[in-house]
2 protein chains.
Amino acid sequence: MDVSPLTLNRLSIYLRCLRRLRGEGVCQVSSQQFADRFRLSAAQIRKDLATFGEFGIRGVGYEVEPLLRRITELLGLDQRHALAVVGMGSLGSAFARHIGETRGPFVVAAGFDNDPDKVGRTVGGVLVEPVSAIASTVPERDVRIGIVAVPAAAAQEICDQLVAAGIRSVLNFAPVRLATSEGVRTRNVDLRIYLEELVYYLVSPSRSWASEEA
Amino acid sequence: MDVSPLTLNRLSIYLRCLRRLRGEGVCQVSSQQFADRFRLSAAQIRKDLATFGEFGIRGVGYEVEPLLRRITELLGLDQRHALAVVGMGSLGSAFARHIGETRGPFVVAAGFDNDPDKVGRTVGGVLVEPVSAIASTVPERDVRIGIVAVPAAAAQEICDQLVAAGIRSVLNFAPVRLATSEGVRTRNVDLRIYLEELVYYLVSPSRSWASEEA
DNA sequence: AGATGTGAATGAGTTCACAGCT
DNA sequence: AGCTGTGAACTCATTCACATCT
């Protein structure tokens with residue numbers, strides 16, 4: 001089904017909130033209680049959930065545990081997902097370590113870099129291989145998500161290699177818009193853009209900004 | 001002036017594209033040429049720029065160098081901005097190193113952590129201080145942007161301390177929605193959400209998705 | 001002629017408000 | 001009675017198309 005990234009991102013948030021409620025022993029929750037608790041919109045929660053079917057019980061609300069399970073399935077988070085990180089500079093290795101530290105469905109299955117000093121080292125539990133190994137290692141370990149953490153100039157070339165090796169989703173930290181063939185999904189994360197956004201609100205003669213969501 | 005984050009983020013992108021054009025020796029560019037070159041929308045470029053005044057020359061286009069300068073000023077990137085990073089785990093230190101490596105208006109002026117093993121070490125050129133030093137160090141070094149890279153459970157508490165110390169913009173890596181007083185801007189960057197988004201498109205019986213922007 | 005700047009039209013996303021179920 | 005699910009209303013953002021200027 002065709003769902004907007006915005007809705008999907010909210011589902012991820014709901015998932016976390018539900019885990020927290022479960023941790024507190026809450027079994028049922030109405031959209032209003034849920035919204036109040038986590039400063040969200042009740043109408044939006046209902047609409048988001050209704051996109052995927054009828055999860056709630058009218059007159060009662062939603063049952064925490066079943067809802068949690070259904071969203072988890074829906075997002076595909078009940079399966080393990082192998083990641084390949086390309087570029088083991090500060091950002092790439094931090095990402096690998098970060099995922100390594102976190103329990104969840106994501107596993108860093110491969111790491112690549114062209115720097116001979118980095119190849120052969122282990123970062124976040126993963127052996128760093130040369131970039132030329134992408135073509136063989138990615139299909140071998142059934143990796144379908146690639147993390148691009150190389151300099152801007154190299155990003156497109158790396159992306160092409162990843163896609164050629166079977167990658168279908170790319171999380172891109174490089175400050176360029178990647179061109180991909182149909183069917184390949186990319187998500188850009190550009191830290192400098194976020195900083196620059198914040199600066200504008202800092203320097204511009206401000207009036208009344210409430211805190212805003214990502 | 002009141003400008004949406006979407007517009008601001010695009011301005012950041014235009015800035016990079018303009019730098020690239022300048023590097024190639026291009027002096028003038030029409031919105032159409034610009035859009036074709038970087039796969040953007042010509043109408044949107046014109047509208048975005050027109051938000052802030054008349055930058056172009058009718059019948060000709062935009063002059064690269066002056067436009068570059070004006071956007072830089074507009075976003076406040078002609079001034080130095082001091083950052084304080086809280087949480088020197090994998091993400092926080094990577095961020096500090098990443099900014100340290102990058103030339104630009106951002107400088108990591110302070111780093112904080114509560115782990116005694118980390119306090120006293122230097123990461124990305126910055127001495128790590130205990131969290132209790134926020135109240136004195138942040139105003140002392142005139143820091144107005146804070147980076148929250150601590151675990152979710154500690155994020156709100158850290159954010160409050162930063163705001164109390166004078167921080168007015170927060171880049172938050174913790175997977176929680178921070179509550180802030182009026183006038184404080186927050187921007188959430190949640191890597192797991194992006195991964196989860198990508199997974200949905202991977203597992204769901206897809207049809208026709210073009211590559212999409214962040 | 002040729003490109004900008006901009007109101008008007010379209011599209012996307014959110015909120016409202018209520019019918020309908022438990 | 002109370003809460004979900006949802007069409008309708010509304011707000012925000014993008015695209016179109018053209019009057020305006022060089």
Side-chain angles (χ1 to χ4, degrees), chain A residues 1-14 18 21 26-64 66-68 70-71 74 177 197 208-214, chain B residues 1-14 18 21 26-64 66-68 70-71 74 177 197 208-214:
Chain A
M1 209 201 319
D2 201 345
V3 190
S4 89
L6 288 143
T7 305
L8 287 175
N9 291 353
R10 282 195 299 268
L11 286 181
S12 288
I13 291 170
Y14 301 159
L18 287 166
L21 288 179
V26 178
C27 293
Q28 287 186 337
V29 69
S30 75
S31 61
Q32 192 58 60
Q33 292 169 324
F34 197 86
D36 292 346
R37 176 74 168 74
F38 299 103
R39 279 168 306 133
L40 305 166
S41 145
Q44 188 150 66
I45 291 166
R46 291 202 299 278
K47 190 138 253 185
D48 285 339
L49 296 179
T51 310
F52 299 95
E54 307 210 352
F55 294 75
I57 307 158
R58 290 178 195 225
V60 177
Y62 299 87
E63 291 187 75
V64 172
L67 182 57
L68 215 157
R70 294 207 54 186
I71 299 180
L74 215 83
R177 228 191 140 209
E197 178 194 320
S208 60
W209 293 302
S211 235
E212 177 116 357
E213 204 57 13
Chain B
M1 207 202 320
D2 201 346
V3 190
S4 88
L6 289 144
T7 305
L8 288 174
N9 291 351
R10 281 195 300 266
L11 285 181
S12 288
I13 291 169
Y14 300 158
L18 286 167
L21 288 178
V26 178
C27 292
Q28 287 186 337
V29 69
S30 74
S31 60
Q32 192 58 60
Q33 293 169 324
F34 197 86
D36 291 347
R37 174 76 168 72
F38 300 103
R39 278 167 307 132
L40 305 166
S41 144
Q44 188 149 67
I45 290 166
R46 291 202 302 276
K47 190 138 252 185
D48 285 339
L49 295 179
T51 311
F52 299 95
E54 307 211 350
F55 294 76
I57 307 157
R58 290 177 196 228
V60 177
Y62 300 88
E63 290 187 77
V64 171
L67 182 57
L68 214 156
R70 295 206 55 186
I71 299 180
L74 215 83
R177 225 190 143 208
E197 178 194 320
S208 59
W209 294 300
S211 237
E212 178 118 357
E213 203 58 12

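Atom set for the values below is all heavy atoms of this structure, side chains included, hydrogens, waters and symmetry mates excluded. Just so it is clear, the model here is predicted, and its values are computed rather than measured.
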### Message
Under 4.0 Å, heavy atom to any atom of DNA chain D: which of residues 53-62 of chain B qualify?
### Response
R58(B)

### Query
At under 4.0 Å between heavy atoms, what does T7(A) touch on the DNA or RNA strands: base, sugar-phosphate, or nothing?
nothing

### Task
Name the closest nucleotide to the S31(A) side chain, picking from dT4(D), dG13(C), dA8(D).
dT4(D)

### Query
CD of Q28(A) versus C1' of dT4(D): gap in Å, rounded?
13 Å

### Task
Take R10(B) and T7(B) through the side chain to side chain contact (heavy atoms under 4.5 Å, CB included) test and state the conclusion after the steps.
CA-CA 5 Å; R10(B) 281 195 300 266; T7(B) 305; 3.6 Å; yes

## Note on the structure
Taken to the nearest whole Å, CD1/I45(B) to C1'/dA13(D) is 16 Å

### From CG (L40(A)) to OH (Y14(A)), nearest 0.5 Å
6.0 Å

## Note on the structure
When rounded to whole Å, the CZ to C1' distance for the pair F52(A) and dT4(D) reads 17 Å

#### Entry: Donor/acceptor link under 3.5 angstrom from K47(A) side chain onto base of dT6(D)
no

### Atom-to-atom span, CD of Q44(A) to P of dC16(C) - whole angstrom
11 Å

### For atom CD of Q32(A) and atom C1' of dT4(D), their distance in whole Å
12 Å

### Task
Send over the distance from L49(B) CG to dA3(C) P, rounded to a whole Å.
16 Å

### Task
Nearest 0.5 Å please: distance from the CG atom of D48(B) over to the CD1 atom of I45(B).
8.0 Å

### Query
Judged by atom type as modelled, is there a donor-acceptor pair below 3.5 Å linking the side chain of Q44(B) to the main-chain atoms of S41(B)?
no

### Task
Compare the minimum distances between each of dC18(D), dA8(C), dT4(D) and the side chain of R46(B), then state the nucleotide with the smallest one.
dC18(D)

### Task
Starting from P on dT22(D), measure out to CD on E63(B) and report it in whole angstrom.
14 Å

### Heavy-atom pair of closest approach, residues I71(B) and L11(B)
CG2-O, 4.1 Å

### Task
With R177(A) as the cation and F38(B) as the aromatic partner, state whether NZ or CZ is under 6.0 Å from the six-membered ring centre and within 45° of the axis.
no

### Message
What is the distance, to the nearest angstrom, from the CG atom on L67(A) to the P atom on dC3(D)?
### Response
17 Å

### Message
Check this one for me: any side-chain N or O of R10(A) less than 4.0 Å away from OP1 or OP2 of dT14(C)?
### Response
yes

#### Entry: Step-by-step side chain to side chain contact (heavy atoms under 4.5 Å, CB included) determination, L18(B) to Y62(B)
CA-CA 10 Å; L18(B) 286 167; Y62(B) 300 88; over 6 Å; no

